[in-house]
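Because the structure is predicted, anything quoted here is derived from the model rather than measured. Start at 1 with the first residue, then count along the sequence.
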Amino acid sequence: MAPPLVPAVLERSRSVAPAGWSRWLVPPAALAIHLAIGQAYAWSVFKPPLEGSLQLSGTASALPFQLAIVMLGLSAAFGGTLVERNGPRWAMFVSTVCFSTGFLISALGAATGQYWLIVLGYGFVGGIGLGIGYISPVSTLIKWFPDRPGMATGIAIMGFGGGALVASPWSSQLLKSFGSDASGIAETFLVMGVVYAAFMTLGVLLVRVPPEGWQPPGQQKAAKPNAMVTTAQVSARNALRTPQFWCLWIALCMNVTAGIGILEKAAPMITDFFSGTSVPVSATAAAGFVGLLSLANMLGRFVWSSASDLLGRKNIYRIYLGVGALLYLAIASMGDSAKPLFILCAAIILSFYGGGFSTAPAYLKDLFGTYQVGAIHGRLLTAWSTAGVLGPLIVNAVADSQKEAGRTGVDLYTTSFYIMISLLVIGFIANEFIRPVHSRYHEPSVATEPASEPAAKGATK
């Protein structure tokens, strides 16, 4: 049952797919949520206006984004079991309310010059919406697509990566229309909150869960044996007791830290990086760079996670972490001598960053089964919370200290890049330690659905 204050239409039992329902309608429902909450990746567009109108440092202007990512991980961790129990429709509704309300509170903060309200609204309240919304479709998608879990989660989670592709130019246009002062920022937040609420409601109405015992056509065929893909089930409680969970936690945390450090400061970073060259980067071009990184992030979530269905999750994480470290080394070594190469390396790093997220649910499914994969995924996202603090803190703190020392351009970021290389190496080593989960953690006999539901035969491919 859904909580008593939530309408009955949001209950899990009311969202069971009827006869003839196509599983391909579920990814668009997930995209409606993820494209909206993916706006978080366009936060760097708001940094210069906030720093100018409210007299903030780069580190201070990152605080709403950092808190939002922290709350994403915490709300996903603590709310994961509720999402499994109450179903994706309830979770998407909660996400819609929290995310849109966060914008409205932030609008009030900007209008009154109270920065703490922006931190509270966007960071705390909106961050809860991020976490619940992010995990809301994951276990549902894996149940609908047990034959292609990497592809299925990649389709949905790429929406989160692509959210900034829409939000970045849209935010820039709204700020241009309303103004980049406090009043203009407030109006921008207000419009975005209302529009996102309407868009996310589409996902709430569209999502369905499969009937009990449903299997896709051809699923009965024997799959090629793979030692890293379990046929057993592990509960969320037992998953936290395994070394596999914590090795994957470290690998994800390091990968996210390396990517989010660039993403949070993307617009000012590329402007600073090439400020001493003959062709500096304009504000418009910097916003375009944010959009390009969002595109790479989005495509990486689908392309790399789909590739993991063929290459294996462990091998694909080797690419994320190993090649990612080499790309950071290339950026640090070449300095501002080659702008296209800098952009290309940054885009590939962000594709690995996005791929790490979309591959993680399938990696968890391989290791722990589908029994409570949504709840396990929620707990894994505390790695994102940690990285959401580490990445921006490293990049902003180093850049601020270099500015105080009188340095400019490339020198603001070189040290940060070498730190990121070290973190990626740590993540690579952690991934190498991942092995199949020992049978002592397996559940003796569990159902794959969290509650008994009326079977609706005929749900289609």
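Residue L381 is tested with V256, I135, L130, T386 for a side-chain contact (heavy atoms from CB on, under 4.5 Å); the sole match is I135.
Residue pairs meeting the salt bridge (charged side-chain N to carboxylate O under 4.0 Å, His left out) criterion with at least one member in residues 35-48, sequence neighbours excluded, are K47-E51, K47-E264.
The two residues Q39 and A167 come nearest to each other via the heavy atoms CG-CB, 3.6 Å. Minimum interatomic distance between I142 and P361 (heavy atoms only, all atoms of both residues): CD1-O, 3.8 Å. Contact between I157 and Y134 at its shortest, heavy atoms only, is CG2-OH, 3.3 Å. Nearest heavy atom pair, residue F352 against residue N255, reads O-ND2, 3.2 Å. The two atoms that bring I376 and A239 nearest to each other are CD1-CB, 3.8 Å, heavy atoms only. When all heavy atoms are compared, the tightest approach of L293 to L350 is O-CB, 4.0 Å.
In summary, the side chains of W304 and S358 do not present any donor paired with an acceptor at a separation below 3.5 Å, with no hydrogens or angles considered.
Classification of the W384-F357 ring pair by plane angle, with boundaries at 30° and 60°, yields tilted. In this pair, W24 and F145 present their aromatic rings perpendicular. The plane angle is above 60°, beyond the 30 to 60° band. Between F417 and Y413, the ring-plane angle classifies as parallel under the 30° and 60° cut-offs.
Considering only residues two or more places apart in sequence or on other chains, D309 meets the salt bridge (Lys or Arg N to Asp or Glu O under 4.0 Å) condition with R313. The side chain to side chain donor-acceptor pair (under 3.5 Å) test applied to S106 returns no partner, not counting sequence neighbours. Listed by chain and residue number, Y317 satisfy the ring-ring contact (aromatic ring centres under 6.0 Å, His included) test with Y363 (two or more places apart in sequence, or in another chain).
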Please output the side-chain donor-acceptor pairs of residues 65-83 that fall under 3.5 Å, not counting sequence neighbours, one pair per line with the distance.
from	atom 1	to	atom 2	distance (Å)
Q66	NE2	V389	O	3.3
S75	OG	M71	O	2.6
S75	OG	L72	O	3.2
T81	OG1	R379	NH2	3.3

N/O donor-acceptor pairs under 3.5 Å from side chains in residues 195-208, not counting sequence neighbours:
from	atom 1	to	atom 2	distance (Å)
T201	OG1	A197	O	2.7
R208	NH1	L205	O	3.1
R208	NH1	L206	O	3.4

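Remark: side-chain polar atoms of S95 are not paired, donor with acceptor, to backbone N or O of A91 under 3.5 angstrom. Distance alone, capped at 3.5 Å, places no donor-acceptor pair between the E443 side chain and the Q233 backbone.
The aromatic ring centroids of F46 and W43 lie less than 6.0 Å from each other.
To the nearest 0.5 Å, the span separating OG1 on T359 from NZ on K314 amounts to 15.5 Å. To the nearest 0.5 angstrom, Y418 atom OH is 10.5 Å from S422 atom OG.
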